[in-house]
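Note sheet for the following structure.
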Protein chains: 2
Amino acid sequence: MNAGGDPRGIRVAVSTVIFALEPGVSPEEFWAGGLDTALRAYSTGESSSLGRTLWMPLVRRLREPGEGRWALPGGWLDPEESLEAAAARTLEETTGVRPAYLEQLFTFGDPGRSPDERVVSVVYWALVRPEETSDAIDDPNVRWFDPDRTRGLAFDHDTIIEYALGRLRTKLGYSQIAHAFLEPTFTLAELREVYEIVLQRPLDPANFRRAVESSGAVVDTGELRTGTPHRPPKLYRPVHPADAGPGGFVRVPIAPHLRRS
Amino acid sequence: MNAGGDPRGIRVAVSTVIFALEPGVSPEEFWAGGLDTALRAYSTGESSSLGRTLWMPLVRRLREPGEGRWALPGGWLDPEESLEAAAARTLEETTGVRPAYLEQLFTFGDPGRSPDERVVSVVYWALVRPEETSDAIDDPNVRWFDPDRTRGLAFDHDTIIEYALGRLRTKLGYSQIAHAFLEPTFTLAELREVYEIVLQRPLDPANFRRAVESSGAVVDTGELRTGTPHRPPKLYRPVHPADAGPGGFVRVPIAPHLRRS
DNA sequence: ACAAAAGTGTTAAACGTACACCCATGA
DNA sequence: TCATGGGTGTACGTTTAACACTTTTGT
């Protein structure tokens, strides 16, 4: 049983990989802003209709080890708080962001991850709504990055981000986490855009609509979004406010063909 | 950053959920043993052809908290070893079993999980070949259970086992972990039996064969298994010895329709 | 009226499933 | 030669995926 093993000297930390949609231009602003704004938005984009990508905040390390490098937000686990609470707390303390979705990702604990000390890091991943990213701390030591273009981070954080990206892309196919990127009501075009940005490929609007509708994942609110230059789209809301479960294991398949690649 | 947080008092433990196929009767023994053995095997079984089920070893707790109750094998993390090494070590120390497959499952760390102390438990799950279960320690404080019929375990271990079972069943559909239950070469009937036992439903032999063959997950060795009373089946081996990856994230889909339920 | 996005319909190919059938062996 | 599991063929319903088409609005 090794009951005599002495774990003193092992410290427990918590880090979080946060994903958001790049704020870009909201549909209202997009059209309200006129051609100038629209063109500016278009000119920055490559793949998606509004040129948005994923975004994630990183914090600059202010002390050794890894001083000066960018790293995932995190901190030490308090003896009294749960792991998830620690993730939420350290996330807010360092970046000002409150996640709409928070799930444990993996625990990294190799000896030698961090010099001198033995650190076991429980890593969470989070999704935040674009609105909430505006609460983010305005600090030169917090900066938002495209997660596909982050390299040279402190510790093993490059690996962790890659792993989290894979999990996000995979999980879109059998869960309803896409809603965590959106406001309480949304159009199917907005939902489809989330999938297109995350999966990095275009989806057929007609087939996407049928897949989502037949999955029962969303409900028609009966309202329309007005102010668009074209036919006003219906507004939908998620059936389930969130899908929690221990480790987020609740599976509500949306559409088989929305799996990655 | 909360760099002043003092994690002293938090101990890190490692536990493992081990799955094996109930040894039951091997194909050779089954037929060699004649009708008596065959009937005995059949009489105990419900769903599967040989009546085998999943099996997992638990250890009896010898001290408080939870003294006398059955629990997952585990122990404390040594300051010098990796999490995975700790899982393998404590597994062997307590049960004598060496896993063919070992993957991190989840980290449980709620305050109050264990009275008095704050314990963060990194839980792994493992698959072992039936041959290796014979190395298991013969000890009244180690006993094998049907994972669907374990209740009243120490701590939150009931929850953990349920979660691990879900992960096993799900992962069968997009990974090659089924091989970890089998010997280096196997017939497709044996592989199918693994799926049937784990998924708890019968599979069409013809369609299963085509699905597995077209997936490229197995290779025909060119040899046949002899000694059966009927047509000798081909022997196959896995293409990949194992699929590791950080957190076992390597996805090699076998067959879409082999997903659970 | 026109442009453009919202939303519906239609079709062919791919896939999942069931099950009939032949093959090879020990008894 | 018979019984039985190994292995192949095939036909049918369902799902996926591509794209033509209709609807609705602001300009």
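Around atom CD of B/Glu92, more than 12 heavy atoms belonging to other residues, nucleotides or ligands sit under 6.0 Å away.
What separates CG of B/Leu191 from P of D/dG6 is a distance of 13 Å, to the nearest Å. Residue B/Glu193 contributes atom CD, which lies 11 Å from atom P of D/dG6 at whole-angstrom precision. Taking atom CZ of residue A/Phe208 and atom C1' of nucleotide C/dT8, one finds them 17 Å apart after rounding to whole Å. Taking atom CG of A/Leu188 as the reference point, atom P of C/dT8 lies 10 Å away to the nearest angstrom. Taking atom CD of B/Glu223 as the reference point, atom P of D/dG6 lies 18 Å away to the nearest angstrom.
Counting distance only, with no hydrogens placed and no angle test, the side-chain atoms of A/Arg231 and the base atoms of C/dA6 include a donor-acceptor pair under 3.5 Å. Not a single donor-acceptor contact under 3.5 angstrom links the side-chain atoms of B/His230 to the base of C/dT25.
With DNA chain D read from its 5' end, the first of the two nearest nucleotides for B/Thr187 and B/Arg210 is the one closest to B/Thr187.
In terms of modelled atom types and a separation under 3.5 Å, the side chain of A/Gln104 and the main chain of A/Glu84 share no donor-acceptor contact.
A/Glu213 has no carboxylate O lying under 4.0 Å from a charged side-chain N of A/Lys234, or vice versa, which leaves the two without a salt bridge.
B/Ala206 comes within contact range of at least one nucleobase, with a heavy-atom separation under 4.0 Å.
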